[in-house]
Amino acid sequence: MAWAYLLIAGLFEVSWAVALKYAEGFTRLVPSLVTIIGMALSLGFLGLALKSLPIGTAYAVWTGIGAVGTVALGIYLFGEPATAARLACIGLIIAGIAGLRMVA
């Protein structure tokens with residue numbers, strides 16, 4: 001169950017990061033609220049995962065999910081560049097997440 005909690009925490013990490021972009025410096029109410037709620041839920045689910053996962057593994061996977069998801073949505077929603085080098089680096093993060101999952 002800890003890995004499911006960690007995945008959910010990572011998805012909320014992505015949600016608050018994207019909402020933060022839409023919040024425009026916390027000047028827009030709804031995106032600002034989504035950001036704050038997403039942060040709280042992300043940390044809450046991370047806390048649940050940490051009951052049985054090592055902190056180093058859990059934190060690295062949590063931030064990795066957040067980074068990969070945020071980059072993917074940045075490309076899709078905001079037209080950020082999807083260069084080969086950038087995608088290769090994201091691939092390395094995914095490989096790191098998979099590796100940590102296999103050895104934990």
Side-chain angles (χ1 to χ4, degrees):
M1 196 63 182
W3 286 99
Y5 288 145
L6 192 55
L7 175 62
I8 294 166
L11 294 175
F12 278 116
E13 176 92 352
V14 174
S15 74
W16 76 253
V18 172
L20 185 61
K21 175 74 171 172
Y22 283 113
E24 296 177 7
F26 293 103
T27 59
R28 298 179 61 212
L29 179 62
V30 173
S32 297
L33 291 174
V34 171
T35 299
I36 293 165
I37 292 167
M39 286 176 168
L41 289 169
S42 182
L43 285 173
F45 279 102
L46 176 61
L48 291 173
L50 287 175
K51 286 183 172 182
S52 59
L53 292 175
I55 181 72
T57 298
Y59 185 76
V61 170
W62 177 62
T63 57
I65 292 169
V68 170
T70 303
V71 168
L73 286 177
I75 291 167
Y76 179 74
L77 296 174
F78 305 114
E80 295 177 0
T83 63
R86 194 168 191 213
L87 295 176
C89 290
I90 293 303
L92 291 171
I93 294 171
I94 293 169
I97 292 169
L100 286 171
R101 173 64 179 105
M102 287 189 289
V103 299

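No hydrogens, no waters, no symmetry mates; every other heavy atom, side chains included, goes into these values.
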In the single-linkage hydrophobic clustering (I, L, V, M, F, W, Y; side-chain heavy atoms under 4.5 Å), do Leu41 and Leu48 co-cluster?
yes
If I compare all heavy atoms of Ala19 with all of Val34, which pair ends up nearest, and what's the gap?
CB-CG1, 3.6 Å
Treat each ILVMFWY residue as a node, draw an edge where side-chain heavy atoms are under 4.5 Å apart, and state whether Phe45 and Leu100 are in one component.
no
Please tell me whether Ile37 and Val18 are part of a single hydrophobic cluster in this structure, the criterion being side-chain heavy atoms less than 4.5 Å apart.
no
Of the non-hydrogen atoms in Trp16 and Thr35, which two are nearest, and what is the gap between them?
CB-O, 3.4 Å
Hydrophobic cluster identity match, Trp3 and Ile97, side-chain contacts under 4.5 Å:
yes
Measure the spacing between CD1 of Ile90 and CD1 of Ile75 and express it to the nearest 0.5 Å.
7.0 Å
Between Leu46 and Tyr5, is any pair of side-chain heavy atoms under 4.5 Å apart?
no
Nearest-0.5 Å distance that lies between atom CD1 in Ile93 and atom CD1 in Ile65
11.5 Å
When you look at CZ of Phe26, are more than 12 heavy atoms from neighbouring residues, nucleotides or ligands closer to it than 6.0 Å?
yes
So, applying side-chain contact (heavy atoms from CB on, under 4.5 Å) with Trp62, which one of Leu50, Leu6, Leu53, Thr57 is it?
Leu6
So if you build clusters from Ile, Leu, Val, Met, Phe, Trp, Tyr with side-chain heavy-atom gaps below 4.5 Å, do Ile94 and Val71 land together?
yes
For Glu13 against Ser42, the heavy-atom pair lying closest together:
OE1-OG, 3.4 Å
So does Ala67 get a backbone contact from the side chain of Thr70, meaning a donor-acceptor N/O pair under 3.5 Å?
no
Interatomic spacing from CG in Leu20 to OG in Ser15 - rounded to 0.5 Å:
11.0 Å
Closest heavy-atom pair and its distance - Ser52, Ala2
OG-CB, 3.1 Å
Quick one: closest heavy-atom pair of Tyr22 and Arg28, and the distance?
O-NH1, 2.9 Å
